[in-house]
Number of protein chains: 2
Amino acid sequence: MDIKILLVEDEPSIRDMLAMLLEQVGFIVQGVPDVQMAERCLKDNAPSIILLDWMLPGISGVEWCRRLKRDKSYSDIPVILVSARSEEEDKVRGLDVGADDYICKPFSPKELVARIRAVLRRSAAPENTERIEQKGIVLSLDEHRLKIDDTVVALSPTEYRLLEFFMTHPDKVYSRGQLLDHVWGRSTYIEERTVDVHIRRLRKILARFQREELVQTVRGFGYRFSLQGE
Amino acid sequence: MDIKILLVEDEPSIRDMLAMLLEQVGFIVQGVPDVQMAERCLKDNAPSIILLDWMLPGISGVEWCRRLKRDKSYSDIPVILVSARSEEEDKVRGLDVGADDYICKPFSPKELVARIRAVLRRSAAPENTERIEQKGIVLSLDEHRLKIDDTVVALSPTEYRLLEFFMTHPDKVYSRGQLLDHVWGRSTYIEERTVDVHIRRLRKILARFQREELVQTVRGFGYRFSLQGE
DNA sequence: AGGTGGTGTCACGGAACTGTAACAATCGAC
DNA sequence: GTCGATTGTTACAGTTCCGTGACACCACCT
């Protein structure tokens, strides 16, 4: 899961330093010096979060933040305001422009990273409160628990995701590549044969409850989770 | 049904801004600069909720909150404490004093409104009594006390809040990040692994009463407080 | 000042998980 | 039936994840 940060900071030395720091932690950083450039990146790159300097030449960061948050199409991108001044008035004004967090220079790298993670964590994840039931197999997503015939069954994370995907997409054939995309996530590079092994592991578990036939092989294409027998 | 907010904040600019913000959302706001004025409003207006600045001239917000919560006739009015960043560490004390929630400047308007609604919803719900009981474990919320098998057990504030959260949200998996949000509060930036340590401490206490299995690890996702065994 | 309890962080080690290779079994076309 | 292609199965090593104890720091109390 790639996280793209749009870093808006006019002072080149600071910008570069921050970019380096953030890339080192694993983020993908696009650094720009002003709001004009930032707006272009916004459309092209769809950043996950914006790190925005308070003071900027031309349109200030605060002002841009306010506009962003008013704009329906961008208001859900979290913004962290970065301020040089550490004084009261900033905090006060920080309130009403809709920034999701606020950090004052000087700050420690650790604090910055932690705050970015916290903001991202918060803005993501509307709570998942579903419950899938098929053939006596009950997957309750919020409890993260699998029950077959009223018996609790332990699953490894991958097995769980694989089964979840199958149960939400029954009776349809998926190639190994598609399964990798959906269960492992797009940007992973894994041997397709690995899917076979996980299918095997899942089957082994289902076999304990005479549900082996649910996961079917479609030779030459992939696998299918079939509710109607055969 | 109109919701009346009593806003206690000494700094006029902040007070006005908050008042405007809240009125815009549809609340009725009465803003006052200190505790003396606040007490008068309390009697005249019967506010639905109090938004209380931490630092106030004369009697501090914290102190007043403590008194309010001791006073039977007012203890059921919910209080949200508002604190400047520098006082962030005092969060624990804030909740110990009986405040229903706590929010740090700077915060987004969205967050503030969300918290007000959440607190109101919570205090309106009749199910939120001052007592939670599960499996022989009794949390008396008003006393901040824990009893297991009729034995009083000492808990640190964090342990208490963690257990309280678990007991009010049983059988559901929470990631470390979600636990940080709910138990430590948003606007904290703490290492996620710290959650592990507190889980460990809580388990250690529960183990003294053969309740270890209540707190379960869900590998790759988080933790769960499970009432149904296994 | 010194003591105490609470808290966040770190480092270490062990356990669980997972990808891969290697081999066995099966299928389908001829 | 034979043969190549495809899939099933197993073992194993590398990696990730989690539990645990230790420790430093801070607020508070005496």
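A, B, ... follow the sequence lines: proteins, then strands. Residue 1 opens every chain.
- The distance from atom CG of D196(A) to atom P of dG19(C) is 13 Å, rounded to the nearest whole Å.
- One can place NE2 of H198(B) at 15 Å from C1' of dG19(D), the figure rounded to the nearest angstrom.
- The separation between R161(B) atom CZ and dT7(C) atom C1' is 11 Å, rounded to whole Å.
- Protein atom CD1 of I190(A) is 6 Å distant from nucleotide atom P of dT20(C), rounded to whole Å.
- Residue contacts for R203(A): at a heavy-atom cut-off of 4.0 Å it reaches the sugar-phosphate backbone alone, with no base atom in range.
- Here dC10(C) presents its P atom at 13 Å from CD of E192(B), a figure rounded to the nearest Å.
- Looking at heavy-atom distances under 4.0 Å, T194(A) makes contact with a base.
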Open item on the list: Please determine whether side-chain contact (heavy atoms from CB on, under 4.5 Å) holds for the pair L146(A) and L163(A), giving the CA-CA distance in whole Å, both sets of side-chain angles, and the decisive distance to 0.1 Å.
Closed with: CA-CA 10 Å; L146(A) 168 67; L163(A) 180 60; 3.8 Å; yes
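- T158(A) and V183(A) make their closest contact through O-CG1, 4.4 Å (heavy atoms, listed as atom of the first residue, atom of the second, distance).
- In terms of position on DNA chain D, the residue among G222(A) and K204(A) whose nearest nucleotide sits closer to the 5' end is G222(A).
- For the pair E159(A) CD and dA16(C) P, the interatomic distance rounds to 13 Å; values are reported in whole Å.
- If you measure from atom CD of Q216(A) to atom P of dT7(D), you get 14 Å, rounded to the nearest angstrom.
- Side-chain contact, R161(A) with S156(A): no donor N or O sits under 3.5 Å from an acceptor N or O.
- Within the structure, a side-chain polar atom (N or O) of T217(B) is placed less than 4.0 Å from OP1 or OP2 of dG19(D).
- Remark: W184(B) is in phosphate contact with dG8(C), judged by side-chain N or O atoms under 4.0 Å from OP1 or OP2.
- Among the atoms of the strands shown, only primed sugar atoms or phosphate atoms (P, OP1, OP2) are found under 4.0 Å from some heavy atom of Y223(A).
- Taking only side-chain nitrogens and oxygens, S156(A) never comes nearer than 4.0 Å to OP1 or OP2 of dA16(C).
- Positionally, the nearest nucleotide of DNA chain C for L155(A) lies more toward the 5' end than for the other of E191(A) and L155(A).
- For R193(B) and dG19(D), a side-chain-to-base donor-acceptor distance below 3.5 Å is present, hydrogens and geometry of angles not being considered.
- Atom CD1 of I148(A) sits about 7.5 Å away from atom CZ of R208(A), to the nearest 0.5 Å.
- Screening R176(A), R203(A), R201(A) for a salt bridge (Lys or Arg N to Asp or Glu O under 4.0 Å) with D196(A), the sole residue that qualifies is R176(A).
- With rounding to the nearest 0.5 angstrom, the CH2 atom of W184(A) is 7.0 Å from the CG atom of L179(A).
- A donor and an acceptor atom never sit less than 3.5 Å apart when one is taken from the side chain of R201(B) and the other from the base of dG19(D).
- Nearest heavy-atom pair across Q178(B) and V173(B) is OE1-O, 4.0 Å.
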Heteroatom pairs (N/O) under 3.5 angstrom, protein to nucleotides 3-5 of chain D:
none

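- Applying the 4.0 Å criterion to OP1 and OP2 of dC17(C), one finds that T158(A) has every side-chain N and O outside that range.
- The aromatic rings of F165(B) and H182(B) lie parallel to each other, their planes meeting at an angle below 30°, with 60° marking the opposite boundary.
- Atom OH of Y160(B) and atom P of dT7(C) are 14 Å apart (whole Å).
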